[in-house]
**Student:** 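Before we start, here is the structure in question, set down as structure tokens.
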Amino acid sequence: MNESKDFLRTIVEKDLKSGKYKEVITRFPPEPNGFPHIGHAKAICINFGIARDYDGHCNLRMDDTNPTKEDTKYVEALQDAVQWLGFDKGKNTYFTSDYFPRIYDYAVKLIKMGKAYVDSLNEEEIREYRGGVKEAGKRSKYAQRSVEENLDLFEKMKNGEFKDGEHVLRAKIDMSAANMKMRDPLLYRIRHAHHFRTGNDWSVYPMYDFAHCLSDYIEGITHSICTLEFENNRAIYDWVLNTLELKLPRPHQYEFARLGINYTVMSKRKLLELVKAGQVSGWDDPRLPTIAGYKRRGYTPESILNFCDQIGIAKANSMVDVSQLEFCIRDDLNKKVPRVMCVLAPLKVTIENYDGYEEIDASYYPHDVPKEGSRKLPFSHEIYIERDDFMENPPKGYFRLTHKQPVRLKHAYIITCKKVVKDASGNIIELKVEYHPESKSGSDTSGIKVKSAIQWVSSTHAKTVEVRLYDRLFSCEAPEGIEDINLNSLKIIKNALIEPAVIISKPDQRFQFERQGYFYADPVDYTDEKPVFNKIVGLKDSWGKKTKSIRNEAKKVHVTGEIAPMSEAEKVLFDKYTNELALNNEISNILARDKQLSNFYKEALSVFNSPVNIANIVANEVARELKKTSKLKFNTQQIAELVKMIDDEIISNKISKQVFEEMVKYGKNPSVIVEAKGLVQISDPKKILPIIDEIIAKNPDNIAKFKAGNSKLLGFFVGQVLKTTGGKANPKVVNELVAERLENV
Ligand code: ATP
Ligand code: MG
């Protein structure tokens, strides 16, 4: 736990001390509509962590009120995540659906109190009637229905006598409330759908705002902790519990900042898209930010807990640098795991003056790691080293093997290169070397100076293994989805060579491969016949340079404690953004809290009315530039123009990033840049189809696999087409055309 207490723990302590609650009871309430991700890990750490720290308990509750998207497999993944992170998930998993009968009764009670009514406006009318931030809403004429009529209609809704959307149940609160969420919020809607637990029992389903507070109350929750975007919903939460005059003490809602990580998408919906499109191998693809993905990749629960602890709990949304998570796993494994040798790109080395065989006693840990253990390393006449560890024409500062420079074989002897053997096309295929008998590691009396020690394996004793090297799944810092995928995020090495000790060890083991990184035996694909290792993380932060400035920013947000809530003016803006302009909560939060950004947004919007897309670019790209400089080279007019080009499908989203970079540098108009660089989006099937056909022709193997049922290869083909066009092809069109073509090959 952090030294300094976070604001939530401060509240919990106060409430326990004052006797407001006898025991702290929290809950973690995910919707089972996808696999949990690292953001959920943060929420799990907070809720289960607080319960544990104060001897209370935490309920794992499925917020299963949306029948069309939920599934048992997601419930299992959520249970597994909690357990894997080391928390007690309890004997029971709770389900909001178990409370449907009671929640229904509470709704009936509200109707009888004259506090809820059946409304028959359609969705659009409801939105219209709600009014705007500056203008009061108007109450529906149906609000005048009598209690009897409401009870009758609501029962008929329940019995399935109406179609979806025909009626809704609403709370009767205040159509001119400053908090727009309080303008007669919806409590129930009609849904004729099969629910994975209640089957077809129900035709009406409670809305989050009604179900959540009541579920909390039913379970005796004391502190209901959720993310910031629910700040304005707290008023409804309290209204429901107070109006129903429920027994004290009632639960209270508190909000904290959502976790966002760069180079990552973090919503179950976006992750589901990647899974469905076959861009990843499944929810547990080691490149995904899902708990199942981290687990399969080899992350330890400790590293994730540490990460959550480091980022702290704050009240302002922020973006955390992904390298911080990578640091946590590296830091955890550094002292824990054995160090072994694996050669990824083998180059044969014959030691001409050695024809015996010996086993070298080699420690698994360096001197500064307080752990013991060693293995016998077979050493023989023929070994393999890493191709990169020899150079004929080395640059300055190259410390490994060259014609002139000897090198140490880690744990073993120093070798000197005598001869380079090449094939007909000039590729180096073998080195003939000499070893120095007095140079054995630990008892070196040779006096020979070397500048480094390299990994190696003995050729007859080494085992062939598959190694999967992962890079970040997205190539840009604030990815939107599939179009920003890093096409080189997975590299498979089929024939790496590893020392034999690694193979006979137990499964579920992590290693450091000397000089390569940390690796984990893949829990799904590893077999004795074909061992497979996943790269967990490299030894150093290879993206470090690029991300330095971000890291400094990330540090700034590691504050724990309370950051000023929104001012009244900011709240008004936030409401306007979320309610009138339909921006999501995070974007609204960023814009509303920053005067410069909200002004920029307003101006751009007055030029071209595309609220969501302009907001996205202002809250991400423009905000980023404003952090670097106070003098932008581009203006609101140009941003509006850029968004218009995206909306008109003249350029793709991906290309717009490229255009934006040019605008940042030179302040030219986007249309001029697009024209000059030939960046116009390709949407014409006549231009795209030949490219598709070419790629199909080039990949007969993948076509065969696709036909044999590997539908995931759809994503591969789409990716190739996008890559071939340098990102200019319209992804939507490409998706459709590829799907169509593959159906018919
Ligand atoms: P998603 O958009 O990924 O579906 P969600 O907020 O809809 O996320 P839920 O399954 O409803 O996800 O969330 C369960 C709990 O986890 C909630 O209390 C939610 O606030 C929290 N949570 C979800 N995402 C994050 C995040 N990125 N950081 C912190 N907490 C999160
Ligand atoms: Mg959700």
Side-chain angles (χ1 to χ4, degrees), residues 6 8 26-51 58-66 68-71 73-79 81-82 85 87 89 93-96 207-209 211-213 215-216 219 221 223-234 237 251 253-275 283 288-294 304-305 307-320 322 325 478 480-481 557 584-587 589-590:
D6 56 75
L8 291 171
T26 55
R27 85 285 169 268
F28 168 59
E31 184 185 354
N33 60 350
F35 272 52
H37 48 63
I38 183 103
H40 293 107
K42 176 172 177 180
I44 290 172
C45 286
I46 292 174
N47 284 297
F48 281 92
I50 287 179
C58 176
N59 293 348
L60 170 58
R61 183 202 309 147
M62 300 299 144
D63 178 25
D64 55 346
T65 54
N66 184 357
T68 55
K69 296 195 172 143
E70 298 160 358
D71 197 281
K73 68 171 184 254
Y74 301 134
V75 175
E76 284 162 8
L78 283 153
Q79 291 168 330
V82 171
L85 286 171
F87 293 104
K89 70 176 166 60
T93 295
Y94 298 79
F95 292 87
T96 300
M207 304 298 288
Y208 171 88
D209 279 324
H212 199 80
C213 51
S215 306
D216 282 350
E219 289 175 13
I221 303 301
H223 300 78
S224 178
I225 302 166
C226 64
T227 34
L228 221 51
E229 65 271 23
F230 293 100
E231 204 173 350
N232 283 340
N233 302 60
R234 194 193 325 125
Y237 189 103
Q253 177 186 306
Y254 300 93
E255 307 90 22
F256 69 97
R258 246 181 131 78
L259 168 66
I261 301 187
N262 60 2
Y263 295 98
T264 309
V265 295
M266 193 127 57
S267 95
K268 284 175 274 166
R269 183 180 56 77
K270 285 190 178 169
L271 296 170
L272 177 63
E273 271 170 28
L274 295 174
V275 173
W283 282 103
L288 286 181
T290 53
I291 304 299
Y294 291 118
I304 297 202
L305 296 175
F307 172 72
C308 291
D309 197 30
Q310 277 186 16
I311 56 178
I313 308 173
K315 272 213 136 207
N317 282 322
S318 62
M319 191 62 96
V320 174
V322 62
L325 176 61
E480 317 252 339
V557 303
N584 76 34
N585 291 307
E586 274 163 74
I587 297 278
N589 186 49
I590 295 173

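Since the model is a prediction, treat every value here as computed from it, not as a measurement. Both counts, for ligands and for their atoms, begin at 1 and track the order of listing.
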**Student:** Name the option, out of P30, A43, P289, A257, that contains the heavy atom nearest to atom 21 (C) of ligand 1.
**Tutor:**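 Selected option, by shortest heavy-atom distance: A43.
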**Student:** Check each heavy atom of F256 against ligand 1 and say whether those closer than 4.0 Å belong to the side chain, the backbone, both or neither.
**Tutor:**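 Looking at F256 and ligand 1, just side chain atoms fall under 4.0 Å.
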**Student:** Under a plain distance cut-off of 3.5 Å, with no hydrogens placed, do R27 and H212 share a side-chain donor-acceptor pair?
**Tutor:**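 Distance-only check passes for H212 and R27.
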**Student:** Below 4.0 Å, non-hydrogen atoms only: which portion of H37 touches ligand 1? Side chain, backbone, both or neither.
**Tutor:**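 Under 4.0 Å from ligand 1, H37 contributes side-chain atoms alone.
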**Student:** Do any nitrogen or oxygen atoms of F230 lie less than 3.5 angstrom from nitrogen or oxygen atoms of ligand 1?
**Tutor:**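 N/O-N/O distance below 3.5 Å does not exist for this pair.
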**Student:** Going by the closest heavy atom to atom 5 (P) of ligand 1, which one wins out of E31, M266, R258, K69?
**Tutor:**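 Considering heavy atoms of E31, M266, R258, K69, the nearest to atom 5 (P) of ligand 1 sits in R258.
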**Student:** For E229, is at least one N or O under 3.5 Å away from an N or O on ligand 1?
**Tutor:**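 Checking ligand 1 against E229, no N or O pair falls under 3.5 Å apart.
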**Student:** Pairing donors with acceptors under 3.5 angstrom, does anything connect the side chains of N262 and T264?
**Tutor:**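 Judged by distance alone, the side chains do not pair up.
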**Student:** I'd like to check whether G39 has a polar contact with ligand 1, where a contact means an N/O of the residue lying under 3.5 Å from an N/O of the ligand.
**Tutor:**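 Between G39 and ligand 1, an N or O pair is found under 3.5 Å apart.
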**Student:** In terms of relative ring orientation, are Y74 and F35 parallel, tilted or perpendicular, with 30° and 60° separating the classes?
**Tutor:**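 It falls in the perpendicular class, over 60°.
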**Student:** Does an N or O anywhere in R269 fall below 3.5 Å from an N or O of ligand 1?
**Tutor:**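 There is no such contact.
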**Student:** May I ask you to decide if H37's main-chain N or O and T290's side chain share a donor-acceptor pair within less than 3.5 Å?
**Tutor:**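 Answer holds: no.
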**Student:** Which of the atoms in ligand 1, numbered in the order shown and given with their element, are less than 4.0 Å from a heavy-atom of F28?
**Tutor:**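 It comes down to these atoms of ligand 1: 14 (C), 15 (C), 16 (O).
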**Student:** Heavy-atom distance to atom 16 (O) of ligand 1: which of H40, H212, R61 wins?
**Tutor:**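 Minimum heavy-atom distance to atom 16 (O) of ligand 1 goes to H40.
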**Student:** Residues in side chain to side chain donor-acceptor pair (under 3.5 Å) with R234, at least two apart?
**Tutor:**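 So R234 forms a side chain to side chain donor-acceptor pair (under 3.5 Å) with E255.
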**Student:** Ring centroid separation for F230 and Y208, is it under 6.0 angstrom?
**Tutor:**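 Ring-ring flag for F230/Y208: true, centres closer than 6.0 Å.
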**Student:** Numbering the atoms of ligand 1 from 1, which are under 4.0 Å from a heavy atom of T227?
**Tutor:**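 Contacts of ligand 1 toward T227, numbered from 1: 19 (C), 20 (O), 29 (C), 30 (N), 31 (C).
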**Student:** Once salt bridge (Lys or Arg N to Asp or Glu O under 4.0 Å) is applied, do any residues pair with R61, and if so which ones, sequence neighbours excluded?
**Tutor:**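 R61 satisfies salt bridge (Lys or Arg N to Asp or Glu O under 4.0 Å) with D216, E219 only.
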**Student:** Roughly how far, to the nearest 0.5 Å, is CG of D309 from SG of C45?
**Tutor:**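 CG of D309 is found 8.0 Å from SG of C45.
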